[in-house]
Every structure is written in C-alpha cells, then in structure tokens.
Amino acid sequence: MSEYFVPAGSGEAEFVEKRSSFLGHVRFVETEDAARDFINEMKKKHYDARHNCWCYMIRDGAVRYSDDGEPQGTAGLPMLEVFKREGVENVVCVVTRYFGGVLLGTGGLLRAYTKSAKDALDAAGIAAVRRWVKLEVGCPYSLFERMKTECLSLDGAVQNVDYGATVLLSLLLTPRRFPRALRS
C-alpha cells in the first residue's frame, strides 16, 4: 500500500455569487454506498434548493458525478477535477445552489462549483494515509529528546511515551525509513 490522501474530516464552506448561494460539503467515505447515503442526506437537508450537484471518488473503485439540472459539464465534473488535482481519494462532495435570480453562464457556474468544492476541501483538510511500522525503544532519560528528534527526522511519529526506570517510546516509522532507523 502506497501513500494516498483523503479528507481529514468533514468540511463545509459557503459563498455567494450574484445572489446565488453555494454551500459546499465534503466528507471522507470508504464505499460507494456511504457516498450515496451522504448525497441523499444532503438532498433531504436542502430539499428546497434548486440544485444539489455532487461527485465522489473511491480509491480503486467508482468515480461518479452529477450536474443535477445544471448545464452539462458545469458542476459535477469541475468539482471532481478539484479532487483529482489535489490527489484526494475516498471523498464525496455535494454543492448545493440556492438560485438568486441571476444567470451565471457556463463559465460562471464552472468557477462557482470549483470554488465551492475547493473551499469545502480546505475546510476539511487533507490527511495522508500510509502504512506504519511500530517500534518500541527503551532509552535512558538523557537520550529521550534525541530519540524523539531522530524519530521526527525520519518522518516518523512518537505514538506513546512511558516513564519508568527508563523511558519507553512507541514510535511509528514508514516502512521505507524503518531499515535506516535500525542501522543508526
């Protein structure tokens, strides 16, 4: 399993363009069913909106989008391109549009839906998913700070620290860095 990126959490963003209100919602999902459930949830919540455009991309799975009545190619596909450009997978996005009475044109719609998806993703944040090797290391108190620094320099993380007669560190290292850590 190589490293890949997912939304760090749920994110929401809102902005107004020529009196139309755009509400972007992003969520991490692992299955197509979970993505569809979220889309249906947003459609029920915003049943009075003119459009609930959506897209989702599941790692090694389905990639789907819908313009929900907007001109073809002006909503779902531009939203999907945001996630492809950012390298984010296992994501679902719904952008709800409350029409404000002013037509935006295809270029305006494309920019608005792209901005909504990007703003919602920024609000959610992006997290890296990677495989870790857990290593438990004991050391004297005098070397504790140096061990933490070495772990961080190897792109690792200190998961837990137990203080006793010596310090016991639970470290997480990426597999490609693990052999280097043992040689040091």
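As a basis for the values below, the full set of heavy atoms in this structure was taken, side chains included, without hydrogen atoms, waters or symmetry mates. Index from 1, following the sequence.
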- R64 side, atom CZ; I58 side, atom CD1 - distance, nearest 0.5 Å: 10.0 Å
- Message: Over 60° means perpendicular and under 30° means parallel, so tell me whether Y141 and Y163 are parallel, tilted or perpendicular.
- Response: parallel
- Side chain proximity check, L23 to E12, heavy atoms < 4.5 angstrom: no
- Query: Cluster question for you: counting only ILVMFWY and a side-chain heavy-atom cut-off of under 4.5 Å, with indirect links fine, are L168 and L143 together?
  - Reply: no
- Query: If you look at every heavy atom in T106 and P71, which pair is closest and at what distance?
  - Reply: CG2-CB, 4.5 Å
- Message: When you group the ILVMFWY residues by side-chain heavy-atom contacts below 4.5 Å and let the links chain together, are L173 and L152 in the same group?
- Response: no
Mind listing the side-chain donor-acceptor pairs of residues 109-124 below 3.5 Å, one per line with the distance, residues two or more places apart or on another chain?
{"residue": "R111", "atom": "NH1", "partner": "G107", "partner atom": "O", "Å": "3.4"}
{"residue": "Y113", "atom": "OH", "partner": "E70", "partner atom": "OE2", "Å": "2.7"}
{"residue": "T114", "atom": "OG1", "partner": "L110", "partner atom": "O", "Å": "2.8"}
{"residue": "K115", "atom": "NZ", "partner": "D119", "partner atom": "OD2", "Å": "2.8"}
{"residue": "S116", "atom": "OG", "partner": "A112", "partner atom": "O", "Å": "3.1"}
{"residue": "K118", "atom": "NZ", "partner": "E86", "partner atom": "OE2", "Å": "3.4"}
{"residue": "K118", "atom": "NZ", "partner": "D122", "partner atom": "OD1", "Å": "2.8"}

- Query: Within the distance-only criterion (no hydrogens, no angle test), does the side chain of S21 pair as donor or acceptor with the backbone N or O of V16 below 3.5 angstrom?
  - Reply: no
- Task: Would you mind reporting whether Y56 and R36 have side-chain heavy atoms less than 4.5 Å apart?
- Result: yes
- Query: Does CZ in F28 sit with more than 12 non-hydrogen atoms of other residues, nucleotides or ligands closer than 6.0 Å?
  - Reply: yes
- Item | Single-linkage hydrophobic cluster V167~L172, side-chain heavy atoms < 4.5 angstrom | no
- Query: Below 4.5 Å, heavy atoms only, C-beta onward: do E17 and F22 meet side chain to side chain?
  - Reply: yes
- Query: Any chain of hydrophobic side-chain contacts (each under 4.5 Å) joining L80 to I126?
  - Reply: yes
- Sequence neighbours left out, what passes side-chain contact (heavy atoms from CB on, under 4.5 Å) with S66? Give chain and number order. W54, D68
- Message: Would K134 and S170 count as a side-chain contact (heavy atoms from CB on, under 4.5 Å) here? Give the steps.
- Response: CA-CA 7 Å; K134 186 174 181 179; S170 295; 4.1 Å; yes
- Query: So, for A35 and V92, which heavy atoms are closest and what is the spacing to 0.1 Å?
  - Reply: O-CG2, 3.9 Å
- Atom CG in L135, atom CD in Q159: separation rounded to 0.5 Å? 11.5 Å
- Message: According to side-chain hydrogen bond (donor to acceptor under 3.5 Å, both in side chains), who are the partners of R27, at least two apart in sequence or on a separate chain?
- Response: none
- Kindly compute the distance separating CZ (R146) from SG (C139), expressed to the nearest 0.5 Å. 11.0 Å
- Item | Heavy-atom pair of closest approach, residues L77 and Y65 | N-CD1, 3.5 Å
- Atom of W132, atom of G156 and distance for their closest heavy-atom approach: CZ3-CA, 4.1 Å
- Message: What's the separation between atom CZ in R59 and atom CD in E89, rounded to the nearest 0.5 Å?
- Response: 5.0 Å
- Measure from the side-chain N and O atoms of N90 to the backbone N and O of E30, and report whether any donor-acceptor pair falls under 3.5 Å. no
- Query: Can you tell me how far the SG atom of C151 sits from the CG atom of L169, to the nearest 0.5 Å?
  - Reply: 8.0 Å
- Item | V94 reachable from F99 in the ILVMFWY side-chain graph, under 4.5 Å edges | no
- Task: Give the ring-plane orientation class for H46 versus Y98, where under 30° counts as parallel, over 60° as perpendicular and anything between as tilted.
- Result: perpendicular
- Message: Within the 4.5 Å heavy-atom criterion, are V158 and L171 side-chain neighbours or not?
- Response: yes
- Distance-minimising heavy-atom pair for C53 and D67: SG-O, 3.0 Å
- Message: Salt bridge check, K45 against E41: does any charged N sit closer than 4.0 Å to a carboxylate O?
- Response: no
- Task: Output yes when a side-chain donor or acceptor of N52 lies under 3.5 Å from a complementary backbone atom of T96, and no otherwise.
- Result: no
- Message: Check E145 with K148, please: is the shortest side-chain N to carboxylate O separation under 4.0 Å?
- Response: yes
- Looking only at heavy atoms, the pair that brings V91 and P7 closest together is CG2-CG, 3.6 Å
